[in-house]
Each structure stands twice: as structure tokens, then as C-alpha cells.
Q: 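Have a look at this one.
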Amino acid sequence: MREHRTDGARRLRQAGSWLGVGAAGTAFGVPVAIASVGTTKGARRRRGCCSGAGLAGWGLGIWRLVQAFRTREQCFDIHERGFTHRVAGTATVIPWKDVTQVSTTSGDDRPLADARGMGSTCENRLRSGRRIRVDTFTEDIQGLATVVHRAVHLGQFPQGRGVSNHPRIY
């Protein structure tokens with residue numbers, strides 16, 4: 001069995017950072033907006049930058065908070081017959097035959113994409129229509145995606161603790 005945990009604390013720290021940006025943008029944007037009433041020189045641009053940063057910060061911070069709440073204590077346990085998806089004390093056992101599609105993205109090339117949680121992703125689609133999305137906040141996302149892909153599409157099921165399907169050479 002292999003375990004892949006999601007780093008909820010990192011997601012919360014990122015939410016806090018974005019909410020701080022939102023608060024700072026709002027704190028500067030409101031006085032600038034009030035002071036710029038009736039003026040035409042450059043005030044619109046400053047008001048727009050501060051208000052835009054504030055709105056973006058609030059939006060991204062709230063989005064990360066919702067993600068952190070939805071995926072609190074998330075963990076994926078890989079077994080020979082499938083995987084277990086645990087979230088906040090609830091465990092769902094998913095057999096390999098119930099996974100219909102595994103798709104991965106290698107992320108974008110923008111700076112710090114993985115650190116921001118916008119790098120690599122893996123989406124597992126189930127027969128029921130449910131989608132389980134995994135992002136870079138989860139440990140060893142590439143390893144998790146590889147194991148699930150091999151089991152679902154190639155029929156190479158994981159065996160035991162971290163044992164691969166490749167023959168041993170002595």
C-alpha cells in the first residue's frame with residue numbers, strides 16, 4: 001500500500017496569503033477611490049490597480065479556503081485492487097474497474113506554478129460520473145498518476161508495499 005497525503009496546511013497558508021493581498025488591496029483601494037472622486041489625473045489607474053488587486057486577492061483566497069475545507073485531511077491509499085480516497089474521516093474504496101479515465105496535465109511553465117498549486121493535476125473519472133481531482137498539494141502526484149494509469153489502462157496492478165510489476169533481476 002502506498003499513501004499520498006494532501007498538504008492542507010500549505011493550502012490554508014496560501015489562502016491566508018491571498019486574503020492578505022485582498023485586505024491590503026481593499027485597504028488602499030477604498031481611500032484612493034474616495035480621494036479620487038471628481039479628479040481625472042491618474043486617479044482612475046491607481047483606484048483600478050488597488051481595487052483589482054483587492055478583488056483578485058479576496059477571490060483567490062476564498063477559492064483556496066473552499067478547496068481546503070472540501071479536501072481537509074485528504075489522502076489516497078493505493079492497494080492491489082484499487083485505491084481508497086479519504087476526506088475528513090470519510091473513506092471511499094474505489095476498485096480499479098470503476099475508474100474509466102485517468103487524465104493528467106504536466107502543469108504550466110509559469111514561475112512557481114507547483115508552489116501555487118497550479119502545476120500538475122490528475123483527474124480520475126469514475127463510472128458513476130464522479131471526478132476526483134488531484135493537484136500539486138498532494139504528495140508525489142506524478143507517482144500517484146502513474147500507478148493509477150498503469151492499473152486502469154495497462155492492467156499492471158500494484159503489488160504489496162511499493163512493489164512494482166516489473167520482474168526482479170538477481
Side-chain angles (χ1 to χ4, degrees), residues 1-26 52-165:
M1 178 178 83
R2 291 184 200 134
E3 185 176 78
H4 300 268
R5 293 185 175 276
T6 299
D7 189 354
R10 191 173 115 211
R11 190 172 269 154
L12 283 173
R13 283 191 304 273
Q14 194 174 90
S17 297
W18 282 118
L19 290 171
V21 168
T26 303
L55 285 174
W58 285 117
L60 290 170
I62 291 168
W63 175 55
R64 283 290 184 219
L65 276 176
V66 169
Q67 278 187 327
F69 178 74
R70 284 185 177 171
T71 62
R72 66 190 182 281
E73 300 173 23
Q74 177 173 268
C75 183
F76 297 90
D77 298 326
I78 303 296
H79 306 279
E80 293 175 14
R81 295 186 197 125
F83 67 92
T84 304
H85 179 222
R86 291 185 285 151
V87 177
T90 303
T92 306
V93 178
I94 301 167
W96 296 126
K97 64 180 176 147
D98 287 354
V99 181
T100 59
Q101 184 179 4
V102 180
S103 57
T104 59
T105 60
S106 60
D108 55 26
D109 294 330
R110 292 180 291 181
L112 302 173
D114 283 339
R116 291 181 288 126
M118 298 174 169
S120 304
T121 60
C122 173
E123 183 177 87
N124 302 302
R125 293 184 188 202
L126 308 180
R127 287 194 196 290
S128 65
R130 181 178 168 204
R131 296 178 185 190
I132 298 175
R133 195 155 190 262
V134 186
D135 59 18
T136 53
F137 288 104
T138 302
E139 296 173 349
D140 191 20
I141 183 175
Q142 294 301 328
L144 175 62
T146 300
V147 169
V148 175
H149 173 77
R150 284 182 180 164
V152 171
H153 296 296
L154 305 176
Q156 298 175 352
F157 304 111
Q159 299 172 3
R161 279 196 167 272
V163 178
S164 71
N165 290 327

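By convention here, the first residue in the shown sequence is residue 1.
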Q: Looking at every heavy atom in both Val147 and Arg2, which two are closest together, and how far apart are they?
A: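 So the minimum-distance heavy-atom pair works out to CG2-NH1, 2.7 Å.
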Q: Please give me the minimum heavy-atom distance between Ile78 and Pro158, naming the atom from each residue.
A: CG2-CG, 3.6 Å
Q: Taking all non-hydrogen atoms of both residues, which atom of Thr104 and which atom of Ala145 are closest, and how far apart?
A: CG2-CB, 3.5 Å
Q: For residues 84-91, tabulate all N or O donor-acceptor pairs below 3.5 Å that involve a side-chain atom, not counting sequence neighbours.
A:
residue: Thr84; atom: OG1; partner: His79; partner atom: NE2; Å: 3.1
residue: His85; atom: ND1; partner: Arg130; partner atom: NH2; Å: 3.0
residue: His85; atom: NE2; partner: Gln74; partner atom: OE1; Å: 3.1
residue: Arg86; atom: NE; partner: Asp77; partner atom: OD2; Å: 3.0
residue: Arg86; atom: NH2; partner: Glu3; partner atom: OE2; Å: 3.0
residue: Arg86; atom: NH2; partner: Asp77; partner atom: OD1; Å: 3.2
residue: Arg86; atom: NH2; partner: Asp77; partner atom: OD2; Å: 3.2

Q: Just how far is it from atom CG of Leu65 to atom CZ of Arg70, taken to the nearest 0.5 Å?
A: 12.5 Å
Q: Can you see which heavy atom on Gly57 is nearest to which on Val21, and at what distance?
A: CA-CG1, 4.2 Å
Q: Rounded to the nearest 0.5 Å, what separation is found between the CG atom of Asp135 and the OG1 atom of Thr71?
A: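 Separation between the atoms: 7.5 Å.
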Q: How long is the straight-line distance from CZ of Arg131 back to CG of Leu126, given to the nearest 0.5 Å?
A: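 So the gap between those two atoms works out to 10.5 Å.
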Q: Donor-acceptor pair, Thr26 side chain versus Gly54 backbone, under 3.5 Å?
A: no
Q: Rounded to the nearest 0.5 Å, what separation is found between the CZ atom of Arg127 and the CD atom of Gln101?
A: 12.5 Å
Q: Answer yes or no: is there a side-chain heavy-atom contact under 4.5 Å between Thr100 and Val152?
A: no
Q: What's the separation between atom CZ in Arg5 and atom OG1 in Thr138, rounded to the nearest 0.5 Å?
A: 11.5 Å
Q: Using atom types as modelled and distance alone, determine if a side-chain donor or acceptor of Trp96 lies under 3.5 Å from a backbone N or O of Glu80.
A: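 Checked: pair present.
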Q: Are Arg64 and Gln67 close enough, and set up right, to give a side-chain hydrogen bond (donor to acceptor under 3.5 Å, both in side chains), and what steps lead you there?
A: CA-CA 5 Å; Arg64 283 290 184 219; Gln67 278 187 327; 2.4 Å; yes
Q: What is the minimum heavy-atom distance between Thr121 and Ile141, and which atoms define it?
A: CA-CD1, 3.7 Å
Q: Would you check, one step at a time, whether the test side-chain contact (heavy atoms from CB on, under 4.5 Å) holds for Val99 with Phe83?
A: CA-CA 10 Å; Val99 181; Phe83 67 92; 3.8 Å; yes
Q: Is the closest side-chain heavy-atom distance between Phe76 and Ile132 below 4.5 Å?
A: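 Side-chain contact under 4.5 Å: yes.
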Q: What heavy-atom pair brings Ala68 and Leu12 nearest, and what distance separates the two atoms?
A: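 Scanning both residues completely, I find the closest heavy atoms to be CB-CD2, 3.6 Å.
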Q: Distance check, rounded to the nearest 0.5 Å: Asp98 atom CG versus Asn124 atom CG?
A: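 The distance works out to 12.0 Å.
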Q: Within a 6.0 Å radius of atom CZ on Arg72, are there more than 12 heavy atoms belonging to other residues, nucleotides or ligands?
A: yes
